[in-house]
Protein chains: 2
Amino acid sequence: MIRRIPQPRDRGIPDATVARLPLYLRALNGMAERGTATVSSEDLAVAAGVNSAKLRKDLSHLGSYGTRGVGYDVQYLIYQISRELGLTQDWAVAIVGVGNLGRALANYGGFASRGFRIAGLLDADPHVVGDRIAGLVVEHADELESVIKKRGVSIVVLATPATAAQQVCDRVIAAGVTSILNFAPVVLAVPDGVDVRKVDLSIELQILAFHEQRKANGGPIMAEEWPDGVVM
Amino acid sequence: MIRRIPQPRDRGIPDATVARLPLYLRALNGMAERGTATVSSEDLAVAAGVNSAKLRKDLSHLGSYGTRGVGYDVQYLIYQISRELGLTQDWAVAIVGVGNLGRALANYGGFASRGFRIAGLLDADPHVVGDRIAGLVVEHADELESVIKKRGVSIVVLATPATAAQQVCDRVIAAGVTSILNFAPVVLAVPDGVDVRKVDLSIELQILAFHEQRKANGGPIMAEEWPDGVVM
DNA sequence: TCGACTTTGTGCATAGCTTCACAAAGGCAC
DNA sequence: GTGCCTTTGTGAAGCTATGCACAAAGTCGA
């Protein structure tokens, strides 16, 4: 007989679930601030904008942290999700590229409150180096490797122009970084074992435009036929 | 015998495909700039960072625009994808909330080049109203409805603080907008027929932290057992 | 202690997405 | 023409994610 009792989490939480955990965490933090002690999957699902069965299944991947007939303890669930996401530890983040976007990111409050500490701001432009932003002095991009090593940076945010992104990417990987958040509109080539996530602001707008166009064209019937004699 | 020859596109392109079309478009534009005339699904897939079978299936949803043995005509494919996404027309976009992020978005070059025209910048803070950013003068948020109607705004970008987002959202919907890009860290409640896409900068970092933690913990074996006597 | 009530956790069916693998289609050399 | 070579477009299989629906488990009042 196999004893298999506590086993809080299986190795291997589905990606779709991982992507939603931050959402739940945000909703839970809001509830905690308002003094809510426990919450049902139904209420939490509404607050997070998902289906309650999905929410329960997601949480079941972390372990069995609810109480039947009652719901989930808000504080305890915050702790468990935070731990699963690795937010109970402190992550040193460097932002490379201090243009408009880099500044916005440096000033964004949502990082610090979740265990992400901005440990360095770097830029290649001498006019920007030395500026004080969000309490940090911008350093020259030449310092990249030394900043990463001295301050234990493990996540790098790329907010450089597209042309510089791959080069900076190569350097941070050589310096040992294996997690990169890329805002530059290029596909980065990276070796196995390095995680890249990308955010492209214009992609989201294009997806909206697609749906907006569909609405405007009005339903299933399309009067307009596409031109055969189109430039080719 | 059923004649079924031109039928360029089925109604109903999968969401996953729509989300990748902008990626292909970006890769194709790069190739066009470098003077490439035709491209195989294999090369385009590499440039876009996806599997080539997936790319071909995605494109097949738009129609049959390739030539067997040759590949795809770059210019023609750019045209077809742009048209499908609705980028051959001009979209008037208003940005509400001109903080760091709103400024970064207003200055972001990736919009104008894809048919998105910033038609208005609005903010509730009198200190910001009147500033000139990216060639536009910031207007007071009270003007929201009139700006939307007079300038034919069909997409609104929310870059307000979380507390203001729902209220602004309600107003733009009342003014007839049905496509919203939300950067505020809240779940917006909207009626059916309104599309909301959200970008949460801190969610991406949290997902990276999750994977980074996994790597650090080293493989399938977990020495550390989770504490039973945890605060509850 | 018991029974009514609430809510979780999950088996199962379904839907959607990804990937493989290959026949069909077209170009090109000779 | 003809045959070879390349590359598309897609059927089919496998995988992942979603959502329903309900048994199991726990609370709470009497």
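Bear in mind that the values here come from a model prediction, so they are computed numbers and not experimental data. Each chain gets a letter, A, B and so on, in the order its sequence line appears, and its residues count up from 1.
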If I take atom [atom1] in residue [X] and atom [atom2] in nucleotide [N], what distance separates them, rounded to the nearest angstrom?
X	N	atom1	atom2	value
Asp15(B)	dT18(C)	CG	P	11 Å
Leu55(B)	dT18(C)	CG	C1'	13 Å
Ile13(B)	dC17(C)	CD1	P	12 Å
Lys54(A)	dG16(C)	NZ	P	13 Å
Tyr65(B)	dG26(C)	OH	C1'	19 Å
His61(A)	dG11(C)	NE2	P	11 Å
Arg56(A)	dC20(D)	CZ	C1'	10 Å
Glu42(A)	dG19(D)	CD	C1'	13 Å

When you check the phosphate oxygens OP1 and OP2 of [N], does a side-chain N or O of [X] lie under 4.0 Å from one of them?
X	N	result
Tyr72(A)	dG26(D)	no
Ser40(A)	dT7(C)	no
Thr67(B)	dG26(C)	no
Asn51(B)	dC20(C)	yes
Ser64(A)	dG9(C)	yes

Any base atoms under 4.0 Å from Ala16(B), or only sugar-phosphate, or nothing? Heavy atoms, all strands. sugar-phosphate
Closer than 3.5 angstrom, by distance alone: can the side chain of Trp91(B) be matched with the main-chain N or O of Gly86(B) as a donor-acceptor pair? yes
Asn29(B) (side chain) donor-acceptor with Leu25(B) (main chain) under 3.5 angstrom: yes
Let me know, please, whether Val70(A) or Val39(B) comes out on the 5' side of the other along DNA chain D by nearest nucleotide. Val39(B)
If only side-chain N and O atoms count, and only distance matters, is there a donor-acceptor pair under 3.5 Å linking Asp58(A) with Tyr24(A)? yes
Toward the 5' end of DNA chain C, which comes first, Gly66(A) or Gly69(A), by nearest nucleotide? Gly69(A)
Do the side chains of Arg56(B) and Glu42(B) get close enough for a salt bridge, i.e. N-O under 4.0 angstrom? no
Regarding dT18(D), can its base be found pairing with the side chain of Lys57(A) as donor and acceptor, where the two atoms are less than 3.5 Å apart? no
For the base of dT7(D), is there a side-chain donor-acceptor partner from Arg68(B) under 3.5 Å away? no
Heavy-atom distance under 4.5 Å between the side chains of Tyr72(A) and Thr67(A), does that happen here? no
